[in-house]
Amino acid sequence: GRMDPPTAYVFPQSFDRIRVLKGPQSLEQGATLAGTVLFERDRPEFTAPGVKAEASALYGSFGRDDQMLDATVGAPQGYLRGQFTHSDSDDYRDGHGDKVRSFYRRENGTAQLGWTPSEHTWLELTAERSNARAAYADRTMDGPMFDRESFGLKLRQEQISRHWQRSELTLWDNDIDHIMDNFSLRPNSGMKMLSNPDRRNTGGRWANDIALPADWLLTAGLDANRDQHRARSGVDYASQPRQRTLRFEQQGGFAELGRQQGAHSYKGGYRQDRVETTRYGAGDQTLYSDTLTLDSGFGRYEYQWSPAWSSYLAWGQAKRAPDYWERSKDSVPFTLNPERSRQWDAGLALRSRELDLTLSLFSADIQDYLLYNNKSNKVRNIDAQTRGGELEGRWQFAEQWRLDGGLAVVYGENQSDHLPLAQMPPLDGKLALGWQPAEAWNLTLLGRAVAAQERVDVGSGTVAGQDQGETPGFFTMNLSAAWQFQPGWQLSAGVDNLFDTFYYEHLSKSVHASQAGLGYEQVGRIPEPGRAYWLSVSYRFASAGVL
């Protein structure tokens with residue numbers, strides 16, 4: 001229900017790689033144009049029986065307490081990998097020294113069993129279990145239970161034949177059980193309320209790479225996904241039957257064709273999804289149902305002007321069906337149209353030993369944009385337009401000194417109502433100065449400057465967040481250092497929000513009035529943490545036989 005999105009379960013250090021696909025680049029993961037973030041774990045490889053492990057612990061202000069353990073034992077024929085992460089924190093204090101209701105705890109355990117009979121074959125089974133609880137400043141109910149169980153299977157075969165280079169099958173089964181109430185994590189002498197939604201998500205994807213003549217590569221496959229939402233309520237919820245609310249069933253097919261020819265790179269793709277949505281009433285009675293056919297496609301051209309300079313131009317279009325909350329908030333049930341986006345992307349990059357610069361620009365026109373308003377508590381379709389860009393850079397201006405920076409801007413327009421498009425982030429810039437006088441340690445000073453946001457549509461946005469009003473700009477600075485004091489050991493420390501600045505993000509929420517009754521300062525919007533100190537230690541080990 002958007003209070004526990006996928007990123008709520010992500011502990012970044014437990015992944016080997018995080019990839020960001022900006023703009024129209026691929027439809028294999030779904031019909032997305034703005035971008036896709038992939039959290040990936042690599043296949044452990046061994047030349048002989050061996051062990052590798054990584055552990056870290058972090059302690060900081062406001063009772064922050066994080067630990068991670070990742071250990072793998074294996075041999076050339078297979079492996080067993082186990083991970084455990086723990087993260088919790090008390091309420092933090094803002095730049096004025098006032099407490100903000102925000103305490104949480106999260107634990108996650110993962111086990112992966114892999115079989116690698118050859119370098120071209122990989123079979124992996126995954127089981128994952130997590131639990132969490134969280135207190136909220138923006139509502140009258142907290143989340144005392146977020147339980148999740150996930151199971152997955154991945155089978156990958158490479159070099160099947162001369163032309164069939166890869167075939168990969170991925171299956172998943174995820175269960176989320178979620179409790180929201182107004183008494184478990186806060187005092188309550190009045191009426192007790194409890195909601196217990198759950199969700200089961202099952203599906204799979206089959207993807208293949210086929211080498212074609214003239215160096216063309218075809219990536220094609222099928223995927224399917226089923227989301228089943230149920231709910232029950234009341235303090236005696238455990239004795240109540242679960243009631244189905246909404247079910248989504250999606251089947252899709254995709255094909256992408258690409259070629260690298262000297263300095264030129266070409267890629268294009270097409271995807272079609274069929275999405276059937278059903279709303280249920282009492283006794284699992286079907287109230288509404290519809291089926292949407294969604295077509296998406298993209299084309300991308302890249303050119304390498306020289307060893308240092310490159311550029312790209314891309315175009316894509318995609319359709320998106322209304323999600324769970326948008327379906328729940330339509331003014332007339334099942335009359336919302338799917339969003340239809342058309343986007344142009346262009347970019348220029350300079351990459352050399354001392355200097356990296358990347359400029360990315362985009363322009364998107366969105367028909368039937370799904371806009372929520374909290375006054376009407378409804379979602380409706382409008383026409384919208386967004387424009388924006390991002391500039392990123394790295395400059396190694398001396399042997400021991402380095403600058404990293406970025407600047408991002410987005411401009412949105414609600415063309416149907418001739419208003420600014422809600423929930424648009426303001427101009428945001430970062431600049432980091434790094435100093436590494438020796439290989440074993442480094443120091444980084446990071447500054448962030450955010451402009452005021454005056455283009456707002458109060459009360460509008462998405463179900464997850466709406467514009468609260470204009471937002472002032474702010475500046476923050478972080479300082480951090482890392483020291484590798486022994487092989488495999490690293491000690492890190494830092495100060496976030498060095499000047500104890502009081503600020504809040506534009507994409508934020510309002511503090512609920514009930515928080516004042518719980519002893520918290522009542523302010524307009526949820527402020528971000530003030531000055532915070534942290535200390536971290538990590539250790540990595542790999543025996544002989546580990547690649």
Side-chain angles (χ1 to χ4, degrees), residues 10-20 37 39-42 52-62 64-71 83 85-87 89 92 308 349-358 390-408 428-450 474-501 503 528-542 546-547:
V10 168
F11 197 98
Q13 284 179 277
S14 68
F15 290 85
D16 298 306
R17 181 174 55 257
I18 300 174
R19 284 197 298 144
V20 180
V37 181
F39 295 86
E40 299 175 332
R41 293 187 174 105
D42 294 331
K52 68 175 182 177
E54 180 178 357
S56 67
L58 183 148
Y59 301 94
S61 301
F62 318 126
R64 186 179 173 188
D65 178 8
D66 296 352
Q67 293 90 40
M68 188 273 292
L69 175 63
D70 182 356
Q83 291 183 323
T85 65
H86 168 89
S87 181
S89 177
Y92 65 75
L350 167 64
R351 302 194 184 280
S352 65
R353 183 177 178 181
E354 294 83 17
L355 182 65
D356 282 358
L357 283 176
T358 303
E390 187 174 27
L391 178 64
E392 297 177 296
R394 174 197 63 85
W395 181 26
Q396 189 80 39
F397 61 91
E399 183 179 354
Q400 301 176 352
W401 295 90
R402 169 173 164 170
L403 275 176
D404 292 88
L407 186 68
D428 192 329
K430 294 180 180 179
L431 185 64
L433 175 63
W435 180 45
Q436 188 170 5
E439 186 176 350
W441 69 282
N442 62 78
L443 186 72
T444 302
L445 185 65
L446 170 64
R448 181 183 176 214
V450 178
F474 61 86
F475 174 77
T476 62
M477 186 167 286
N478 299 343
L479 178 65
S480 63
W483 175 36
Q484 188 171 339
F485 58 93
Q486 288 289 339
W489 289 91
Q490 180 168 291
L491 184 67
S492 305
V495 184
D496 296 339
N497 195 356
L498 185 63
F499 301 129
D500 206 16
T501 303
Y503 72 102
E528 296 299 310
R531 185 185 297 116
Y533 302 91
W534 57 268
L535 178 68
S536 172
V537 61
S538 64
Y539 174 67
R540 289 186 177 185
F541 167 79
V546 178
L547 291 180

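Without hydrogens or angle criteria, E54 side chain to Y539 main chain gives no donor-acceptor distance under 3.5 Å. Here the side chain of T444 pairs no donor or acceptor atom with the backbone of G434 at under 3.5 angstrom. Of the possible donor and acceptor atoms, none in the side chain of E399 sits under 3.5 Å from a partner among the backbone N and O of W401. Looking at D500, its side chain does come within 3.5 Å of a backbone N or O of R531 through a donor-acceptor pair. Without hydrogens or angle criteria, D404 side chain to R394 main chain gives no donor-acceptor distance under 3.5 Å.
Annotation: side chain to side chain contact (heavy atoms under 4.5 Å, CB included) contacts of L479 (sequence neighbours excluded): L443, L445. Remark: Y92 engages no residue in a ring pair (Phe, Tyr, Trp, His ring centres under 6.0 Å) (not counting sequence neighbours).
Closest of all the heavy-atom pairs between G393 and L357 is CA-CD2, 3.9 Å. Residues R41 and S14 come closest through the heavy atom pair NE-O, 3.1 Å. For the pair G429 and L407, the tightest heavy-atom approach, listed with the atom from each and the gap, is CA-CD1, 3.8 Å.
To the nearest 0.5 angstrom, Q396 atom CD is 11.0 Å from L355 atom CG. Of the inter-residue distances, the one linking S61 atom OG with N497 atom CG reads 11.0 Å to the nearest 0.5 angstrom. Rounding to the nearest 0.5 Å places CD of E354 at 13.0 Å from CZ of F397. Distance CG/D496 to CD/E528: 11.5 Å, rounded to 0.5 Å. In this structure, the separation between CZ on R448 and OH on Y503 is 6.5 Å, given to the nearest 0.5 Å. R17 CZ to D42 CG: the interatomic distance, rounded to the nearest 0.5 Å, is 4.0 Å.
Around the CD atom of E40, the shell of radius 6.0 Å holds more than 12 heavy atoms that belong to other residues, nucleotides or ligands.
Within the 4.5 Å cutoff, the side chain of T358 has no heavy atoms near those of the L391 side chain. Annotation: side chain of L433 is in contact with side chain of L403 (closest heavy-atom distance under 4.5 Å). S480 is listed as a side-chain neighbour of W534, based on a closest heavy-atom distance under 4.5 Å. Looking at heavy atoms from C-beta onward, H86 lies in side-chain contact with D65 at the 4.5 angstrom threshold. T501 places none of its side-chain heavy atoms less than 4.5 Å from the side chain of F475. Using a 4.5 Å cut-off on side-chain heavy atoms (C-beta onward), Y59 and Q67 make contact. Taking 4.5 Å as the limit, some side-chain heavy atom of L491 sits within range of a side-chain heavy atom of L535.
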I would like to know whether M477 and F499 meet side chain to side chain contact (heavy atoms under 4.5 Å, CB included); could you show each step before the answer?
CA-CA 7 Å; M477 186 167 286; F499 301 129; 4.0 Å; yes

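D66 and S87 share a donor-acceptor pair across their side chains, judged by distance under 3.5 Å alone.
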Side chains of residues 482-490: which donor-acceptor partners sit under 3.5 Å, not counting sequence neighbours?
residue, atom, partner, partner atom, Å
Q490, NE2, S492, OG, 3.4

